[in-house]
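Model, not experiment: these values are computed from the prediction. Throughout, residue positions are numbered sequentially from 1 according to the sequence presented. Side chains included, hydrogens not; waters and symmetry mates left out as well; all remaining heavy atoms used.
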Amino acid sequence: MGPVTLSKQNRLFWLGRYAERVYMSVQFLMDTYDTLLDGSDSSVDYADICRRLGVQNVYTSAEDFCRRYLFDSAVPGSVRGSMDNLLGNGIVLRETISTPTLAYLEMAENAMEMASRSEAPAVELQWVLDDIMAFRGSFDESVDLEGVRDITKTGGTVERLSLMLRLDREPEHLRREALKLMNRLYKTDLTTDPAAMHTISAFALEAADVSKEDLLGSVEGLFVV
């Protein structure tokens with residue numbers, strides 16, 4: 001692989017992070033919507049979710065959280081804001097990822113907009129998930145250079161690990177994802193923080209007992225990208 005500029009590395013890395021952030025957040029919020037439908041507004045501790053995600057709690061109820069965190073781009077850290085950033089990175093990288101691949105991100109953005117106007121957005125949100133999955137498949141087919149693909153996939157794995165740790169999702173798969181991250185790193189030119197890399201390596205390869213807080217800090221602090 002020829003050298004990839006730092007600017008392009010940044011775009012590729014965050015393309016992967018935002019794609020995974022939108023995908024996992026939509027999945028999580030769809031589950032939360034189901035909880036609201038099955039119970040009461042108080043059955044969802046949205047204040048705790050905000051704390052775990054590291055976002056400001058500006059919401060008045062669990063239902064308000066579900067809708068505004070999903071659809072209000074003016075709310076810092078919202079899923080809609082991440083979707084906008086994902087599409088923005090894709091537009092800049094159009095020549096790298098191809099126009100047909102970019103089209104799937106545009107379709108995901110359109111599905112998100114339709115979901116925001118729906119009283120029961122489950123179908124439209126599923127379209128968002130489907131379009132992001134199609135984007136991933138098209139990305140693999142369109143980007144010839146493995147090292148370039150692995151920068152984006154590294155970003156996705158970092159985001160997946162971060163959200164798994166924050167939201168206690170699939171804790172039994174954490175070590176597998178950490179191994180996947182390390183395997184992909186070796187195929188990129190990304191520069192890592194030595195201390196963070198040591199912690200993740202000890203967890204992934206040596207089955208070291210690393211606290212969730214230390215592992216999350218190392219995952220988030222692994223790159224300056």
Side-chain angles (χ1 to χ4, degrees), residues 1-29 53-55 70-71 73 76-113 115 125 127-166 177-178 180-193 196 200 219-225:
M1 179 181 71
V4 179
T5 65
L6 289 177
S7 176
K8 190 171 184 179
Q9 280 187 357
N10 183 287
R11 292 283 185 184
L12 288 164
F13 179 83
W14 280 100
L15 185 75
R17 284 205 71 161
Y18 283 128
E20 190 63 33
R21 185 174 301 177
V22 172
Y23 190 86
M24 286 191 67
S25 297
V26 168
Q27 281 188 321
F28 178 73
L29 268 295
L53 291 172
V55 299
L70 265 173
F71 302 126
S73 59
S78 70
V79 181
R80 182 56 184 269
S82 295
M83 183 71 246
D84 293 344
N85 290 332
L86 172 59
L87 180 58
N89 274 283
I91 290 171
V92 174
L93 292 165
R94 180 195 297 265
E95 292 186 4
T96 299
I97 69 175
S98 82
T99 297
T101 300
L102 175 62
Y104 287 114
L105 297 183
E106 293 170 335
M107 291 166 65
E109 174 93 350
N110 290 337
M112 180 74 77
E113 176 60 28
L125 289 174
W127 292 344
V128 174
L129 299 180
D130 293 345
D131 290 334
I132 290 178
M133 287 297 291
F135 157 75
R136 290 171 174 167
S138 183
F139 178 87
D140 276 342
E141 291 295 321
S142 300
V143 179
D144 292 329
L145 296 174
E146 184 181 13
V148 172
R149 292 198 305 270
D150 278 305
I151 292 173
T152 297
K153 291 180 178 181
T154 294
T157 306
V158 165
E159 188 66 29
R160 191 175 310 118
L161 275 166
S162 178
L163 289 175
M164 287 170 70
L165 288 161
R166 291 177 186 276
E177 291 297 326
K180 190 183 298 182
L181 173 61
M182 295 188 65
N183 288 334
R184 284 175 174 159
L185 269 176
Y186 295 136
K187 303 172 186 177
T188 74
D189 291 333
L190 294 171
T191 302
T192 61
D193 177 82
I200 296 171
V219 168
E220 289 289 356
L222 186 56
F223 305 104
V224 182
V225 180

**Study point:** Working for side chain to side chain contact (heavy atoms under 4.5 Å, CB included), residues Tyr23 and Leu86
**Key:** CA-CA 11 Å; Tyr23 190 86; Leu86 172 59; over 6 Å; no
Min side-chain heavy-atom separation [X]-[Y] under 4.5 Å:
| X | Y | answer |
| --- | --- | --- |
| Lys187 | Glu146 | yes |
| Leu70 | Val128 | no |
| Thr188 | Leu185 | yes |
| Val26 | Met83 | no |
| Leu161 | Ile200 | no |
| Val79 | Phe71 | no |
| Ser82 | Val22 | yes |

With rounding to the nearest 0.5 angstrom, report the [atom1] to [atom2] distance, [X] to [Y].
| X | Y | atom1 | atom2 | result |
| --- | --- | --- | --- | --- |
| Leu12 | Thr5 | CG | OG1 | 8.5 Å |
| Ser25 | Tyr18 | OG | OH | 12.0 Å |
| Phe13 | Leu190 | CZ | CG | 7.0 Å |
| Leu15 | Asn89 | CG | CG | 6.0 Å |
| Leu29 | Leu125 | CG | CG | 8.0 Å |
| Met112 | Leu105 | CE | CG | 11.5 Å |

To check you understand the geometry: which heavy-atom pair defines the closest contact between [X] and [Y], and what is its length?
| X | Y | value |
| --- | --- | --- |
| Ser142 | Ile97 | CB-O, 3.3 Å |
| Phe223 | Thr191 | CD2-O, 3.5 Å |
| Ile132 | Ala108 | CG1-CB, 4.3 Å |
| Ala111 | Asp131 | CB-OD2, 4.2 Å |
| Ala196 | Gly221 | CB-O, 4.0 Å |
| Arg21 | Leu163 | CA-CD1, 4.1 Å |

Exercise for review: Take Met133 and Asp130 through the test side chain to side chain contact (heavy atoms under 4.5 Å, CB included) and record every step on the way to the result.
Suggested key: CA-CA 5 Å; Met133 287 297 291; Asp130 293 345; 5.7 Å; no
Practice item. Indicate yes or no for a side-chain donor-acceptor contact from Asn10 to the backbone of Leu6 under 3.5 Å, with no hydrogens or angles considered. Key: no
So does [X] pair up with [Y], basic N to acidic O under 4.0 Å?
| X | Y | result |
| --- | --- | --- |
| Glu95 | Lys8 | no |
| Arg80 | Asp84 | yes |
| Arg17 | Glu220 | yes |
| Glu20 | Arg136 | yes |

Study note, to complete from the structure: Hits for salt bridge (Lys or Arg N to Asp or Glu O under 4.0 Å) against Asp193, two or more places apart or cross-chain, chain-then-number order -> none
Practice item. Can you sort out the partners of Arg149 under salt bridge (Lys or Arg N to Asp or Glu O under 4.0 Å), two or more places apart, ordered by chain and number? Key: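 Counting only residues at least two positions away or on another chain, Arg149 forms no salt bridge (Lys or Arg N to Asp or Glu O under 4.0 Å).
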Exercise for review: Would you please name every residue forming a side chain to side chain donor-acceptor pair (under 3.5 Å) with Thr154, sequence neighbours left out?
Suggested key: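 In terms of side chain to side chain donor-acceptor pair (under 3.5 Å), with neighbours along the sequence ignored, Thr154 is linked to no residue.
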Check your understanding: Are there more than 12 heavy atoms of other residues, nucleotides or ligands under 6.0 Å from atom CD of Glu141?
Key -> no
Practice item. Verify whether one side chain among Ser162 and Arg166 offers a donor that lies under 3.5 Å from an acceptor in the other. Key: yes
